[in-house]
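The structure under discussion appears below in the form of structure tokens.
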Amino acid sequence: MLAPRIAPSILSANFARLGDDVRRVEAGGADVIHVDVMDGQFVPNLTIGPQVVRDLRPVTKLVLDCHLMIETPDALVGDFVKAGADMISVHAEACRHLHRTVHVIKAHGVKAGVAINPATPAEAVLPLLEDLDFVLVMSVNPGFGGQSFIPAVLHKVRRIRAEADQRNPSLSIEIDGGINATTATVAREAGVDLFVAGSAVFGDTDVANAIRRLQRAVGATPDHLAGA
Ligand code: DX5
Ligand code: ZN
């Protein structure tokens, strides 16, 4: 089983002090910064573009994970990579030629992922498992933070994990939406290793404590204890 990692989503941060919020979660033990990119078309909300990623790049050493909830990602992948993205996911529902888009991401030398909405079957990613670094299973309908976890997606996690164990064991499975200590625990049991959490982290005045709570729920060893 891949080691669990915690990825605070900056969607729930305060955009007027984004750099400080990212520094706080890095100091609090986060592994990855999850960046939600929304175009007002694929999802009914608008957020940020490559410029924010460029400005965050010097602020943190953590992996920048860009979740592109946009209709035509191919044209923007290069801009996000230039800005400093380390991981990029695109939605299966948005890409007419998903295999091509995945290879566009890989050609830029960053980790490539495909995200699937709650109503999209696991089969949408299975033909691509060997090509992917990660699959992002959405556990809410994308667009907003603070929604409730949809437990029915867990069977897809199990299905993808079992198939990946045969065909691409290093494939990471990320889950996004409604993650807190309780839902992270069941997601871990199903085979998730990368846990996105927006409101559960930034909704707590003590973000380090919120991250520790998630780490404990998924059996992660905080850095300061690893190797001790
Ligand atoms: C939703 C976004 C999520 C969001 C999760 O469309 O993809 O990353 O920030 O927020 P919480 O953890 O509050 O559900
Ligand atoms: Zn997201």
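All ligand and atom numbering here is 1-based and tracks the order in the structure. Source: prediction; values computed, not measured.
Heavy-atom proximity to atom 1 (C) of ligand 1, evaluated over Phe149, Phe195, Phe144, is greatest for Phe144. Selection from Ser199, Pro8, Gly198 by nearest heavy atom to atom 13 (O) of ligand 1 gives Ser199.
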Inset, instruction - May I have the step-by-step check of side chain to side chain donor-acceptor pair (under 3.5 Å) for Asn117 and Thr120, ending in yes or no? - result: CA-CA 5 Å; Asn117 285 336; Thr120 302; 4.9 Å; no

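Between Asp176 and His67, some side-chain heavy-atom pair lies under the 4.5 Å cut-off. At least one side-chain heavy atom of Phe134 sits less than 4.5 Å from a side-chain heavy atom of Asp65. The closest side-chain heavy-atom distance from Asp133 to Leu171 is not below 4.5 Å. Between Val37 and Met69 the shortest side-chain heavy-atom distance does not fall below 4.5 Å. Taking 4.5 Å as the limit, some side-chain heavy atom of Ile88 sits within range of a side-chain heavy atom of Ile105. Taking the side chain as every heavy atom from C-beta outward, His34 and Leu136 approach each other to under 4.5 Å.
Within His67, the N/O/S atom positioned nearest the Zn ion (ligand 2) carries the name ND1. Within Asp176, OD2 is the N, O or S atom that lies nearest to the Zn ion (ligand 2). Atom OD1 is the N, O or S atom of Asp36 at the shortest distance from the Zn ion (ligand 2).
Given atom 9 (O) of ligand 1, the protein heavy atom at minimum distance is Ser9 OG, 2.8 Å. The protein atom (non-hydrogen) at minimum distance from atom 5 (C) of ligand 1 is Asp176 OD1, 3.5 Å. Protein heavy atom at the shortest distance from atom 10 (O) of ligand 1 is Gly145 CA, 3.5 Å. Protein heavy atom closest to atom 14 (O) of ligand 1, with residue, atom name and distance, is Gly178 N, 2.8 Å. In terms of protein heavy atoms, atom 6 (O) of ligand 1 is closest to Gly143 N, 2.7 Å.
We find the CD-CD distance between Glu71 and Gln41 to be 6.5 Å, quoted to the nearest 0.5 Å. Here the NZ-CG distance, from Lys111 to Leu132, works out to 12.0 Å after rounding to the nearest 0.5 Å. How far CE of Met87 is from OG of Ser172: 6.0 Å, rounded to the nearest 0.5 Å.
Near His34, meaning under 4.0 Å from any of its heavy atoms, are these atoms of ligand 1: 8 (O). Near Asp36, meaning under 4.0 Å from one of its heavy atoms, ligand 1 places the atoms 2 (C), 3 (C), 4 (C), 7 (O), 8 (O), 9 (O). Each of the following atoms of ligand 1 lies closer than 4.0 Å to a heavy atom of Gly177: 14 (O). Taking every non-hydrogen atom of His67 and a distance limit under 4.0 Å, the qualifying atoms of ligand 1 come out as 7 (O). Atoms of ligand 1 found under 4.0 Å from any heavy atom of Met69 (numbered from 1 in listed order, with element): 6 (O), 7 (O). Every atom of ligand 1 is numbered from 1 in the order shown, and the set under 4.0 Å from a heavy atom of Met138 is 7 (O). In the vicinity of Ala197, heavy-atom distances shorter than 4.0 Å reach the ligand 1 atoms 12 (O). Contact atoms of ligand 1 toward Val196: 8 (O) (distance under 4.0 Å to a heavy atom of the residue).
Within the structure, the closest approach of Ala200 to ligand 1 does not fall below 4.0 Å when heavy atoms are considered.
Side-chain atoms of Asp74 and Thr101 include a donor-acceptor pair closer than 3.5 Å.
Ile10 and Val43 are assigned to two separate hydrophobic clusters, defined by single-linkage of ILVMFWY side chains at heavy-atom distances under 4.5 Å.
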